[in-house]
Amino acid sequence: MSDTPIVLDELRQRIDQLDGDILRLISERASCAQQVAQVKLAHDKDAVFYRPEREAQVLRRIMALNSGPLDAEEMARLFREIMSACLALEQPIKVAYLGPEGTFTQQAALKHFGESAISLPMAAIDEVFREVEAGAVNYGVVPVENSTEGVVNHTLDTFMDSSIKICGEVVLRIHHHLLISETTRKDKVSRIYSHPQSFGQCRKWLDAHYPHAERVPVSSNAEAAKLIKTEWHSAAIAGDMAAKLYGLERIADKIEDRPDNSTRFLIIGNQDVPMSGEDKTSIVVAMRNQPGALHDLLEPFHRHKIDLTRIETRPSRTGAWNYVFFIDFKGHRDEPQVAAVLEEVKLRASELRVLGSYPQGVL
């Protein structure tokens, strides 16, 4: 008689025992989080419970300690959800995002804050900013750049008129699928809905497979998914979340032209974030209109060996042919080396504003 049933039974008993241990430890962690809330409130009735730098440090530590067999990022995602649930016991986080429901921005919000966060869709990027500024939500999530289509100009322009700070970032791998509803005739698709950026990210695939289909741009991929529910000859380009939300069938998976297609989102709020150990800083700079202005702006970064990760130019609101520069670089504004660079830039610029120093994206 085979020993297989006996071995399986022993392994299952061991798993049951481990599940009990995990349950007990998660409950113990949740109780500890409640005690943290009590201590904070005893000292400050307006205490801040969500600490971006602390969360980043915890997730990095988990990834460093992980010895497998689960992937380090997968382990960090599990802990992200545990932390989200525990934080909700202290104080549920309200997060505004560029809607409607089912967008990649909502997916980014849930990836960063976890499923226990209260996510609220907004119709436009400036509405996300307004909700955060008014204190109606704790944080906002807005797209800022895509690896294929480039920068989201509306987000950068909104920063010029706002006092909002950048508190974090999250990078989301973007996978586009071609979706149809239960009423769609697969062989009769003559119209495809999607966001303009998604059309750009899937241009070659569409040219090869649906060269004659009408491409109709809409405000979001989630809106595209919603529209095809009532049309028999239409399809939509959208992601997994929209497909699940509207009960759509995927007839082609991962149709983006570049397999590394990713979008970077910013977490915006009203607080300054202390150092986490691996940080970025974002600034906006207006330079005087004179020869060598760009060189004068960048030279201190080179001399102090500060790593620039992005630089974008946008038209200034102060006059025609005047420009401002949005710059991201590694380091925190409170580090002496970074502070020295910012002081030099301030002396050379007509205006300098630090949009925020924040932890580099962990997941």
Worksheet item: Side chain of His302, backbone of Leu298: donor and acceptor closer than 3.5 Å?
Response: no
Worksheet item: Under the side chain to side chain contact (heavy atoms under 4.5 Å, CB included) criterion, do Val218 and Leu227 qualify, and how do the steps go?
Response: CA-CA 10 Å; Val218 292; Leu227 282 171; 3.7 Å; yes
Discussion item. Could you check whether Phe104 and Phe265 have their ring centres less than 6.0 Å apart?
Written reply: no
Worksheet item: Any Lys/Arg nitrogen of Glu74 or Arg77 sitting under 4.0 Å from an Asp/Glu carboxylate oxygen of the other?
Response: yes
Worksheet item: Do Tyr139 and Gln271 meet the criterion of a side-chain donor-acceptor pair at a distance under 3.5 Å?
Response: yes
Worksheet entry | Side-chain donor/acceptor of Lys229 to backbone N/O of Glu182, under 3.5 Å | no
Item to complete: Give a yes or no on whether the backbone of Asp126 and the side-chain of Thr158 come within a donor-acceptor separation of less than 3.5 Å.
Response: no
Response to the item:
Taking every heavy atom of Ser282 against every heavy atom of Asp328, the minimum-distance pair comes out as OG-OD1, 2.7 Å
Discussion item. Just so I know, are the side chains of Leu206 and Ile237 near enough to count as touching, which here means a heavy-atom distance under 4.5 Å?
Written reply: yes
Item to complete: Report the relative orientation of the aromatic rings in Phe159 and Phe129; use parallel for angles under 30°, tilted for 30 to 60°, perpendicular for over 60°.
Response: perpendicular
Fill in: Residue pair Leu297, Val285: steps toward the side chain to side chain contact (heavy atoms under 4.5 Å, CB included) verdict
CA-CA 9 Å; Leu297 169 61; Val285 186; 3.9 Å; yes
Worksheet item: Under a 4.5 Å cut-off applied to non-hydrogen side-chain atoms, are Val354 and Leu342 in contact?
Response: yes
Worksheet entry | CZ/Arg303: more than 12 non-hydrogen atoms of other groups inside 6.0 Å | yes
Fill in: N/O donor-acceptor pair under 3.5 Å between Ser31 side chain and Ser27 backbone
yes
Practice prompt. Report the C-alpha separation of Leu355 and Val284 in whole Å, then their side-chain angles, then the decisive distance to 0.1 Å, and conclude whether the side chain to side chain contact (heavy atoms under 4.5 Å, CB included) test is met.
Written response: CA-CA 7 Å; Leu355 299 177; Val284 58; 4.0 Å; yes
Item to complete: State, without any angle test, whether Gln360 and Asp279 hold a side-chain donor-acceptor pair at a distance under 3.5 Å.
Response: no
Discussion item. Within the 4.5 Å heavy-atom criterion, are Leu70 and Leu78 side-chain neighbours or not?
Written reply: yes
Response to the item:
The ring pair (Phe, Tyr, Trp, His ring centres under 6.0 Å) partners of Phe329 (sequence neighbours excluded) come to Phe301
Worksheet item: Just one of Glu343, Met287, Lys346 clears the side chain to side chain contact (heavy atoms under 4.5 Å, CB included) bar with Leu352, so which one?
Response: Lys346
Discussion item. Quick check: do Asp19 and Leu23 have side-chain heavy atoms less than 4.5 Å from each other?
Written reply: no
Discussion item. We want to know whether Asn221 and Ser198 form a side-chain donor-acceptor pair, criterion being a heavy-atom distance below 3.5 angstrom.
Written reply: yes
Item to complete: Give the intermediate values and the outcome of side chain to side chain contact (heavy atoms under 4.5 Å, CB included) for residues Ile267 and Phe113.
Response: CA-CA 10 Å; Ile267 312 301; Phe113 290 101; 3.5 Å; yes
Worksheet item: More than 12 non-hydrogen atoms from neighbouring residues, nucleotides or ligands closer than 6.0 Å to NE2 on His304, yes or no?
Response: yes
Worksheet, complete the sentence: Between Cys202 and Glu256, the two heavy atoms sitting closest are SG-CA, 3.9 Å
Worksheet item: Taking Ser276 as the fixed residue, which of His332, Arg60, Glu55, Arg51 is the one that meets the side-chain hydrogen bond (donor to acceptor under 3.5 Å, both in side chains) rule?
Response: Arg60
Item to complete: Decide whether Asp21 and Gln17 meet the rule of one side-chain donor and one side-chain acceptor closer than 3.5 Å.
Response: no
Worksheet item: When you look at NZ of Lys94, are more than 12 heavy atoms from neighbouring residues, nucleotides or ligands closer to it than 6.0 Å?
Response: no
Discussion item. Check this for me: Gln290, atom CD, are more than 12 non-hydrogen atoms of other residues, nucleotides or ligands nearer than 6.0 Å?
Written reply: yes
Practice prompt. Say whether, by atom type as modelled, one donor and one acceptor occur between the side chain of Arg191 and the main chain of His233 under 3.5 angstrom.
Written response: no
Fill in: Glu133 and Asn270: CA distance, side-chain angles, deciding distance, side-chain hydrogen bond (donor to acceptor under 3.5 Å, both in side chains) verdict
CA-CA 7 Å; Glu133 287 177 327; Asn270 291 301; over 6 Å; no
Discussion item. Counting only heavy atoms not in Lys280 (residues, nucleotides, ligands), do more than 12 fall under 6.0 Å from its NZ?
Written reply: yes
Item to complete: Check whether any side-chain N or O of Thr103 sits under 3.5 Å from a backbone N or O of Gly99 as a donor-acceptor pair, and report yes or no.
Response: no
Discussion item. Between Thr184 and Ser181, do the side chains contain a donor N or O and an acceptor N or O under 3.5 Å apart?
Written reply: yes
Item to complete: Could I get the full list of salt bridge (Lys or Arg N to Asp or Glu O under 4.0 Å) partners for Lys330, not counting sequence neighbours?
Response: Asp307
Practice prompt. Return yes if a side-chain donor-acceptor contact under 3.5 Å exists between Asp240 and His175, otherwise no.
Written response: no
Worksheet item: Are side-chain heavy atoms of Leu98 and Val142 found at a separation under 4.5 Å?
Response: no
Worksheet item: Would you say the side-chain atoms of Lys40 pair up with the backbone N or O of Val48, donor to acceptor, closer than 3.5 Å?
Response: yes
Worksheet entry | Exercise: do Asn261 and Thr148 side chains pair donor with acceptor under 3.5 Å | yes
Discussion item. Looking at Asp257 and Arg203, is there a salt bridge between them, counting it only when a charged N and a carboxylate O are closer than 4.0 Å?
Written reply: no
Item to complete: Answer yes or no: is there a donor N or O on one side and an acceptor on the other, between the side chain of Ser190 and the main chain of Ala213, under 3.5 Å?
Response: no
Worksheet item: Between Lys204 and Asp207, is there a side-chain N and carboxylate O pair less than 4.0 Å apart?
Response: no
Worksheet item: salt bridge (Lys or Arg N to Asp or Glu O under 4.0 Å) with Glu145: which residues, sequence neighbours excluded?
Response: Arg264, Arg310
Worksheet item: Does a donor on one side chain and an acceptor on the other come within less than 3.5 Å for Tyr193 and Glu231?
Response: yes
Item to complete: Considering only NZ, NE, NH1 and NH2 on the basic side and carboxylate oxygens on the acidic side, decide whether Arg14 and Glu10 come within less than 4.0 Å.
Response: no
Worksheet item: If you group Ile, Leu, Val, Met, Phe, Trp and Tyr by side-chain heavy-atom gaps below 4.5 Å, do Leu172 and Val95 land in one group?
Response: yes
Worksheet item: Backbone N or O of Trp205 within a donor-acceptor pair of the His209 side chain at under 3.5 Å?
Response: yes
